[in-house]
Amino acid sequence: MEVGARMRRILLTLADSIIPESPRTPDTLEEVTRHALVSLRYMPRSSARMFLWGMRLLNWAPLWRLRGLRPLTALPAAVARRHLVALTQSRWLPIRLLMYGPVGLFMSSYFDQDFAHREIKYAPVPFVADRIELRRRWIEGHEPGSDDEVHHPAALAP
Amino acid sequence: MTILAHRDYRQVETHEAEVAVIGTGAGGAVVGTELAEAGRDVLFVEEGGYHPTSSFNPYLTESLPRLFRDAGGTIIMGRPPIPYAEGRCVGGGTVVNGGMTWRPPEQVLMQWARLTGQPDLGPKAMEPVFDRVEQRIHAKPQHPSSIGEDSRLLERGARRLGWRYEPNRRAQDRCVGSNQCLTGCPTGAKQSTLVSYLPRALSRGARCLTEVRANRLWIENGRCVGVLGSGINPRTREEDVEVRVRAKAVVVACGAIQTPFLLLRHRLGRPSRQLGKNFLCHPNTKVLAIYPHDIYAWQGVSQGGQIREFRDEGILMAENAVPPGTAAAQIPFLGDEALELMKRYNAMAMTGVLVEDSHAGSVSRCLGAPLAKYSITPYDHERFLRGVRYLATLHFEMGAEKVILPFSNFHVANDVDDLAEIERTQRSRSTIELFTVHMMGTCRMGSDPRDSVVNMSGELWDLPGCYVADASLFPTAVGVNPQVTIMAMATLVAQRLRLPN
Ligand SMILES: Cc1cc2nc3c(=O)[nH]c(=O)nc-3n(C[C@H](O)[C@H](O)[C@H](O)COP(=O)(O)OP(=O)(O)OC[C@H]3O[C@@H](n4cnc5c(N)ncnc54)[C@H](O)[C@@H]3O)c2cc1C
Ligand code: SF4
């Protein structure tokens with residue numbers, strides 16, 4: 001979805017305040033913002049527009065929270081983040097609702113990157129490759145044995 | 001195989017078939033395949049793209065837009081608002097679902113038989129239909145090699161507390177527990193309609209128009225004679241080619257939200273005014289437990305079984321490991337605080353509580369998009385709180401360090417005593433965070449036009465030639481994972497569909 005420079009800045013600011021500060025690569029912010037825009041393309045136009053209006057509203061959160069006159073885009077990232085954290089914990093449901101979209105989009109995109117996978121020690125690709133191979137052998141007639149079971153004995157320690 | 005895509009459509013094109021089926025999910029694929037196997041010339045119309053097994057990978061950023069409606073970002077309005085997900089690809093929801101196959105409880109089918117006055121919806125009469133479906137999707141228990149530690153942990157916890165835990169039967173053929181069901185099964189084991197029903201239909205000459213959104217029904221002289229839609233350019237996402245399908249009968253199987261959305265465009269369902277009403281969504285809520293040791297819940301099938309001790313009260317509990325991107329979107333923290341918790345991803349047991357609907361919402365049209373409304377009742381709320389307490393208790397019993405709760409005003413329980421706080425803090429239905437993937441019931445089937453939308457053949461009372469065959473047919477909630485019930489109902493519709501001479 002095409003958006004103007006101002007909206008791009010808003011999205012970058014929101015992404016910057018929502019995702020972890022590190023680890024990041026030089027293009028992490030661009031990447032999660034690009035993904036958000038790709039996702040918007042897959043929505044009905046009216047929903048995408050509503051989402052973008054919601055982001056404009058979030059940008060002016062300091063004003064309507066009566067905590068300042070400047071939008072998030074004009075604030076240091078740490079301050080912007082404090083505003084957004086407060087919104088996710090708001091007593092008011094519509095305000096929390098406003099945060100669902102950006103948190104969902106940016107977090108899922110951030111934790112989808114390989115460097116983030118490494119950080120949390122999640123490695124689906126080799127595991128899946130291993131399992132595809134296991135199924136191939138099974139189809140050839142070698143039923144999986146106990147060695148093929150998923151076991152992490154510490155998990156059931158207590 | 002005849003699978004057409006956007007590049008194959010000319011500016012205006014009319015395709016002809018005996019039966020046009022809109023949607024290729026649990027309902028559409030089954031009804032179309034049964035008809036194709038009975039010798040009918042079937043044409044599927046599917047909004048999503050065709051993505052074969054070899055294209056599936058674990059990356060959400062790729063999979064969500066390709067396989068899910070609105071890239072997974074859809075919401076039901078109400079108290080509380082409920083985000084929902086539905087498949088949008090060839091195979092529909094069955095491509096991205098967990099593959100669990102539970103028949104509806106006997107009481108539900110007995111109630112359906114009573115409500116419709118038709119004994120052939122009763123448990124005895126439906127048994128051969130369920131048998132047929134389950135045989136075609138290989139519904140069976142999991143092989144031990146596919147079970148992960150999170151499933152074992154939940155099973156052990158349930159036994160320790162004296163609760164009934166039942167292993168899942170799933171639609172799978174040699175599932176190896178890769179835990180990628182949500183982003184499309186990369187091994188081909190999950191028997192989504194993409195690999196079970198649809199290949200049968202295509203081998204019998206059925207055709208499938210993919211990347212075509214059905215926008216209207218083609219109605220002549222009060223009879224449905226086709227579908228008017230447009231091809232979606234996969235690059236720009238614009239609907240830029242007109243596509244028409246002329247058929248003797250049209251089956252609408254777009255799912256419980258999109259089906260009434262399409263039919264309401266024509267102001268149908270007038271005899272009963274029930275079209276879009278009776279919307280059920282079997283909501284669920286998440287309970288994430290952090291253990292002192294790694295569990296690797298992402299290895300092994302996403303759900304090995306369910307705690308069914310409280311089924312009679314409409315409460316089901318189960319594990320459901322999701323990828324880190326999905327988990328991170330659900331935790332109540334941002335920035336580095338979120339990362340700190342996500343560093344414990346391998347030690348997380350991701351579990352959930354499902355509560356059977358006790359009342360219904362509605363689906364209508366608003367600004368060119370569907371508007372789904374649904375609020376939980378105080379009774380549902382109470383059952384959710386009870387379910388969360390049960391699950392959290394189980395986790396502490398099994399040694400969890402802390403439990404992340406699904407409440408916007410009470411995030412973390414550090415021990416079992418903290419759970420007493422649930423009572424005190426959860427007075428409002430607005431503070432619980434819910435999610436759903438089981439939408440049903442907006443075009444209820446019946447034998448009386450005054451209280452149903454379609455007759456017992458699935459045909460609309462006020463539009464001959466137009467049938468419904470998806471989750472919207474359900475007369476009441478099923479209280480279990482719905483896909484086999486949808487497939488069974490679609491089989492019935494195929495058996496009963498009559499073409500004009
Ligand atoms: C993540 C997830 C996990 C789930 N897990 C389970 C489970 O383990 N067990 C279980 O029983 N159920 C599960 N479900 C639910 C189950 O998959 C659905 O209930 C079922 O697929 C619904 O079948 P349906 O035919 O009603 O609709 P769908 O399967 O949603 O199919 C509808 C199809 O119609 C297409 N369509 C919609 N509108 C149009 C239009 N205007 N023009 C053209 N095409 C259109 C869509 O693209 C889609 O392909 C899950 C669902 C999800 C999303
Ligand atoms: S667990 Fe893996 S192999 Fe099994 S059905 Fe799901 S995606 Fe396929």
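A note on names: the letters A, B, ... follow the listed sequences, proteins ahead of strands, and every chain is numbered from 1. For clarity, every value in this text was computed on a predicted model and none was experimentally measured.
Looking at heavy atoms from C-beta onward, Q89(A) lies in side-chain contact with H411(B) at the 4.5 angstrom threshold.
In this structure a side-chain-to-backbone donor-acceptor pair under 3.5 Å is present from D336(B) to E21(A). Looking at N346(B), its side chain does come within 3.5 Å of a backbone N or O of K121(A) through a donor-acceptor pair. Without hydrogens or angle criteria, D112(A) side chain to T61(B) main chain gives a donor-acceptor distance under 3.5 Å.
Listed here is the closest heavy atom pair of P124(A) and Q180(B): CB-NE2, 4.1 Å. Nearest heavy atom pair, residue M107(A) against residue A338(B), reads CE-CB, 3.4 Å. Nearest heavy atoms, R96(A) versus T431(B): NH2-CA, 3.8 Å. Smallest separation of non-hydrogen atoms from R235(B) and R41(A): O-NH2, 2.8 Å. When all heavy atoms of E149(A) and P144(B) are compared, the pair lying nearest together is OE2-CB, 3.6 Å. Closest heavy-atom contact between A328(B) and F111(A): CB-CD1, 3.3 Å.
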- Query: What do the steps show when you test R45(A) against E238(B) for salt bridge (charged side-chain N to carboxylate O under 4.0 Å, His left out), and what is the final call?
  - Reply: CA-CA 10 Å; R45(A) 213 170 274 167; E238(B) 296 293 331; 2.7 Å; yes
- Task: Test V150(A) against I147(B) for side chain to side chain contact (heavy atoms under 4.5 Å, CB included), laying out the working first.
- Result: CA-CA 7 Å; V150(A) 179; I147(B) 300 294; over 6 Å; no
- Message: Does F56(B) form a side chain to side chain contact (heavy atoms under 4.5 Å, CB included) with V128(A)? I'd like the steps, not just the answer.
- Response: CA-CA 11 Å; F56(B) 295 142; V128(A) 170; over 6 Å; no
- Should H143(B) and W138(A) be marked as a side chain to side chain contact (heavy atoms under 4.5 Å, CB included) after you check the CA-CA gap, both sets of side-chain angles, and the distance that decides it? CA-CA 11 Å; H143(B) 188 274; W138(A) 196 351; 3.5 Å; yes
- Intermediate values then yes/no, side chain to side chain contact (heavy atoms under 4.5 Å, CB included), Y100(A) and I75(B): CA-CA 10 Å; Y100(A) 276 22; I75(B) 204 154; 3.7 Å; yes
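Both the backbone and the side chain of Y122(A) come within contact range of chain B, with heavy atoms under 4.5 Å apart. Residue F333(B) touches chain A through its backbone alone, counting heavy-atom pairs closer than 4.5 Å. Contacts of M77(B) with chain A are made by side-chain atoms alone, with heavy-atom separations under 4.5 Å and no backbone atom involved. Residue contact with chain B, scored on non-hydrogen atoms closer than 4.5 Å, involves the side chain of E143(A) exclusively. No part of P292(B) comes within reach of chain A, as not one of its non-hydrogen atoms sits under 4.5 angstrom from that chain. Heavy-atom distances place both the backbone and the side chain of D173(B) under 4.5 Å from chain A. Interface remark: F106(A) contributes no atoms to any contact with chain B (heavy atom separation under 4.5 Å). Of the two parts of L339(B), the backbone and the side chain both hold a non-hydrogen atom closer than 4.5 Å to a non-hydrogen atom of chain A. With a 4.5 angstrom heavy-atom cutoff, H117(A) touches chain B only via side-chain atoms. For R88(B), the part lying near chain A is the side chain, with the backbone staying farther off; criterion is any non-hydrogen pair under 4.5 Å. Y345(B) touches chain A through its side chain: at least one heavy atom from C-beta onward sits under 4.5 Å away, while N, CA, C and O do not. In this structure, no portion of L105(A) lies under 4.5 Å from any heavy atom of chain B. Neither the backbone nor the side chain of P370(B) comes within less than 4.5 Å of any heavy atom in chain A. Only the backbone of S22(A) comes within contact range of chain B, with at least one heavy atom under 4.5 Å from a heavy atom of that chain. The contact between L97(A) and chain B is made entirely by side chain atoms (from C-beta outward), counting heavy-atom distances below 4.5 Å. Contacts between S46(A) and chain B at a heavy-atom distance below 4.5 Å involve the side chain alone, from C-beta outward. Only the side chain of L93(A) comes within less than 4.5 Å of a heavy atom of chain B; its backbone N, CA, C and O stay farther away.
To the nearest 0.5 Å, atom OG of residue S178(B) and atom CZ of residue R135(A) are 10.0 Å apart. In this structure, S109(A) OG and L60(B) CG are separated by 9.5 Å, a value rounded to the nearest 0.5 Å. Atom CD1 of I120(A) and atom CH2 of W298(B) lie 9.5 Å apart (nearest 0.5 Å). Here CD of E2(A) is found 11.5 Å from OG1 of T236(B). Values are rounded to the nearest 0.5 Å. To the nearest 0.5 Å, the span separating CG on L64(B) from OG on S108(A) amounts to 6.0 Å. Here H151(A) contributes atom NE2 and S145(B) contributes atom OG; the two are 10.5 Å apart, rounded to the nearest 0.5 Å.
With a 6.0 Å radius and a threshold of 12 heavy atoms from other residues, nucleotides or ligands, W53(A) has its CH2 atom at or below the threshold. Counting non-hydrogen atoms of other residues, nucleotides and ligands closer than 6.0 Å to CZ of R9(A) gives a total of 12 or fewer. The 12-atom threshold is exceeded at CZ of R265(B), counting heavy atoms of other residues, nucleotides or ligands nearer than 6.0 Å. Other residues, nucleotides and ligands contribute over 12 non-hydrogen atoms within 6.0 Å of the CG atom of L63(A).
Note on L367(B), N409(B), L334(B): by heavy-atom pairs under 4.5 Å with chain A, the leading option is L334(B). With chain A as partner, the option from P332(B), A71(B), G148(B) having the largest number of non-hydrogen pairs under 4.5 angstrom is A71(B). In terms of non-hydrogen atom pairs under 4.5 Å with chain B, the most contact-rich of T88(A), I139(A), V85(A) is I139(A). Interface summary for chain B: among S17(A), P44(A), P144(A), P23(A), the most heavy-atom pairs under 4.5 angstrom belong to P144(A). Between chain A and the residues A329(B), P324(B), A349(B), the largest count of heavy-atom pairs under 4.5 Å involves P324(B).
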